[in-house]
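In what follows, a single structure is set out as structure tokens and then discussed.
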2 protein chains.
Amino acid sequence: METIPPAIPCPNQAPQCAAASISTHETMARVLQMFEPDSADQPVAAKFPVLLRRVHAGESLVHEGAPADAIFFVRLGTFKVFRIAEDGYEQVLAFAVRREVLGFEALCAASYPAAMQALEDSTVYVIPRCEIAQLSHALPSFALVLQRAGSLTLTHSRELVDILAAVASDVRLARFLIQLSKRMAACGQSPRRFLLRMGRREIASLLGVAHETVSRCFSALAAMGFLYVNDREIDILDMNGLKAFSRSTRRQTDDAPGPRHPGLVRPTARTPVRALAHPSGLMPGGAI
Amino acid sequence: METIPPAIPCPNQAPQCAAASISTHETMARVLQMFEPDSADQPVAAKFPVLLRRVHAGESLVHEGAPADAIFFVRLGTFKVFRIAEDGYEQVLAFAVRREVLGFEALCAASYPAAMQALEDSTVYVIPRCEIAQLSHALPSFALVLQRAGSLTLTHSRELVDILAAVASDVRLARFLIQLSKRMAACGQSPRRFLLRMGRREIASLLGVAHETVSRCFSALAAMGFLYVNDREIDILDMNGLKAFSRSTRRQTDDAPGPRHPGLVRPTARTPVRALAHPSGLMPGGAI
DNA sequence: CGGACTGTTGACAAACTTCAATCCGAGTGG
DNA sequence: CCACTCGGATTGAAGTTTGTCAACAGTCCG
């Protein structure tokens, strides 16, 4: 199971559905690492096979405003959630990686309020909306998975608010990278070294700054010695320092009017990123 | 039912629990306007009375980091959700009004990641966490209410990301007011005229700007003729204009480098707010 | 090899934060 | 009852950050 054969037509899905196969709720629960599958549920779960859909890099999973037919759990890969403004500006609202739910926000609406697109080759579990009510009742563990996944997504969104509310753009970027690092760790990858699946422009849109500013802030964080940056390769050299820096807030309510970065000088150095030597010499190739 | 007698001790709650009474899931569902209560559920629902808790203005509903014992549905009033940074800065993450769920983000964690405090006298339905699994199974309509409430909260949080990602601070404020207006309408109040339950500093924290900037932006929006502002009294005079203004985005991806506000001049006038006449003469008193 | 795209950096103008002063209403104590 | 303080809101002035425009390097692709 869980292999992906050439192509099985998926009845309820949009025409761009490239490839799909079938899995089970038990397997899905295990992959999502939400809980230990309850053996008592197995006979019931067997009656509800789960569609597995492959989405290629750059392909849309759902379009903004499309009827909300299903929700998805990311089995593998990365997605961006975004809206297109009237004037064409792309506003990124979230990135989703393995184990996260997509489309949960549509459960209280008739259509998806935002588009979702794969940033790399990805696969998702597809739960048709019409099955959700039955599943919730027949398979209590599914109801819990859904609650916890929704809760997790809300938690991420709240953290994003915390990121966006930061004063300075370099602090925003630092907080973003730390959140990303945690999520990489949560899905089994290295929290220190990873490859960004999104471009500067997409990060800029999420953080609410100009893409040039994102570029400059990467350089600044690197100049402060927190990071090694080479294009989309990131290596966090000083996690504690980065975290300390990310805790910089606006001047506090009233009491202590101290400097914004106690004991930490904000260097104005503008050393080019590529000139900063990586401690291990050259950055190895497949740094995921 | 739904009356609030003097004081019944509530077993599972914190000592600061001021007053509480008992209601039913049927009543709760009706108040939340989530769905038509299913009469078939009534016998089951009767076995699960719902605690109703009163929270006075300024009182904390939950503290940051407290064990996540329960989730809440706002029956009446307004809450702020916030975190305190190490240096004492208060970061507001959300405001919640009637019909919204509080604490949903704690379902995937052991403790509440953020504090919640009443901004005015409020009442909430209390669902102990230990009951959630049973309720979800025994009362399918509850499972749906919870899913939809969580989904709604996520939708709000995503909209907030959209607000925060706006370039200019006056656009952020405009978007914030529009979201607030919609939520006021959704809980039965006027979408045009309302009383802000939060101070400038709290709005500023949510929007990620200085509180002086919030004040200036209120003045600017008033000077543009979109609003009448007097302290916390808001009257939206030109909803379409305000919406058009709120759609201003960063310069779009590549194609049309036109002005940010097509056909709309950003006045630099700095007329004092109190000098701007309200069309209906004096602002009437109890403008909620 | 030209063309398109991404990422980086510089320069300047615009927006924002910060510090500061003022006004006002609410609460308090004489 | 009134002076007093306290906190919230508003506005001004100055300094800093950031957006915008522009140029350039590197990569991918037809």
Side-chain angles (χ1 to χ4, degrees), chain A residues 57-58 89 119 165-173 196-205 207-223 229-234 248-255 257-261 266-276, chain B residues 57-58 89 119 165-173 195-205 207-223 229-234 248-255 257-261 266 268-276:
Chain A
Y89 178 73
L119 293 179
V167 242
S169 52
D170 43 12
V171 176
R172 282 192 214 188
L173 183 61
L196 297 174
R197 305 317 298 224
M198 67 293 289
R200 297 289 187 270
R201 203 178 292 267
E202 291 163 321
I203 296 176
S205 175
L207 298 186
V209 298
H211 72 274
E212 297 96 328
T213 302
V214 172
S215 201
R216 275 185 253 267
C217 290
F218 267 121
S219 302
L221 292 178
V229 182
N230 189 304
D231 211 39
R232 299 191 181 184
E233 293 175 10
I234 302 293
S248 312
T249 66
R250 184 175 313 278
R251 103 170 166 275
Q252 46 271 51
T253 157
D254 259 328
D255 23 37
R260 221 178 53 170
H261 305 300
R266 284 167 76 90
T268 49
R270 294 283 156 173
T271 319
V273 171
R274 297 182 196 283
L276 293 169
Chain B
Y89 178 73
L119 293 179
V167 242
S169 52
D170 43 11
V171 176
R172 283 192 213 188
L173 184 61
L195 194 61
L196 298 174
R197 306 315 289 232
M198 67 295 287
R200 296 288 187 268
R201 200 179 292 269
E202 292 163 320
I203 296 176
S205 175
L207 299 186
V209 297
H211 72 275
E212 297 96 329
T213 302
V214 172
S215 203
R216 276 185 252 268
C217 290
F218 267 120
S219 302
L221 292 178
V229 182
N230 188 304
D231 209 38
R232 298 193 181 183
E233 293 175 11
I234 302 293
S248 312
T249 67
R250 186 175 310 280
R251 104 172 164 270
Q252 46 272 49
T253 159
D254 259 330
D255 23 36
R260 224 178 52 170
H261 305 300
R266 286 168 75 90
T268 49
R270 292 285 158 174
T271 319
V273 171
R274 297 182 196 285
L276 292 171

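Values reported hereafter were calculated over all heavy atoms of this structure, with side chains retained and with hydrogens, waters and symmetry mates removed. Quick caveat: nothing in here was measured; it's all calculated off a predicted structure. Below, chain A is the first sequence line, B the second, and so on; all start at residue 1.
Side chains of Asp231(A) and Glu233(A) form no contact here, defined as non-hydrogen atoms less than 4.5 Å apart. At least one side-chain heavy atom of Ile203(A) sits less than 4.5 Å from a side-chain heavy atom of Leu173(A). Contact of the Ile234(A) side chain with the Val229(A) side chain is registered, since non-hydrogen atoms from C-beta on lie closer than 4.5 Å.
Going from atom CG of Leu173(B) over to atom P of dA9(D) covers 13 Å, rounded to whole Å. Taking atom CD of residue Glu233(A) and atom P of nucleotide dG7(C), one finds them 13 Å apart after rounding to whole Å. Taking atom OH of Tyr89(B) as the reference point, atom C1' of dT18(C) lies 14 Å away to the nearest angstrom. In this structure, CD of Glu212(B) is placed 14 Å from C1' of dT22(C), rounded to the nearest angstrom. Going from atom CZ of Arg200(A) over to atom P of dG7(C) covers 6 Å, rounded to whole Å. dT6(C) atom P lies 9 Å from atom CD of Glu202(A), rounded to whole Å. Distance, Arg201(B) CZ to dC6(D) C1': 13 Å, rounded to whole Å. Across the protein-nucleic acid pair, Asn230(A) atom CG and dG7(C) atom P stand 12 Å apart, rounded to whole Å.
For dG7(C), the base has no donor-acceptor partner in the side chain of Arg232(A) [N/O atoms by modelled type, under 3.5 angstrom]. Between the base of dT20(D) and the side chain of Arg216(A) there is a donor-acceptor pair shorter than 3.5 Å.
When each of dT20(D), dT17(C), dT8(C) is scored by its nearest atom to the side-chain atoms of Ala210(A), the top-ranked nucleotide is dT20(D). Nearest to the side chain of His211(B), among dT10(D), dT18(D), dT6(C), sits dT10(D). With distances taken from any side-chain atom of Ser169(A) to the nucleotides dT20(D), dT8(C), dT18(D), the minimum falls on dT18(D).
Here Ser169(A) pairs with Val209(A), Thr213(A), Cys217(A) under the side chain to side chain contact (heavy atoms under 4.5 Å, CB included) rule; sequence neighbours left out. Considering only residues two or more places apart in sequence or on other chains, Ala165(B) meets the side chain to side chain contact (heavy atoms under 4.5 Å, CB included) condition with Gln91(A).
Among the heavy atoms of the strands, none lies under 4.0 Å from Val214(A).
Contact between the side-chain N/O atoms of Ser219(B) and the OP1/OP2 oxygens of dT11(D) is found at a separation under 4.0 Å. At the phosphate of dC16(C), neither OP1 nor OP2 sits under 4.0 Å from any side-chain N or O atom of Thr213(B).
Put simply, the residue from Leu196(A), Asp170(A), Asn230(A) that forms a side chain to side chain contact (heavy atoms under 4.5 Å, CB included) with Phe218(A) is Leu196(A).
One end of the helix from dC1(C)-dG30(D) to dG30(C)-dC1(D) points its axis 30° away from the other end's axis, with each axis taken from 5 pairs and the angle rounded to 10°.
Ser219(A) places a side-chain N or O within 3.5 Å of a backbone atom of Ser215(A) that can act as its donor or acceptor partner.
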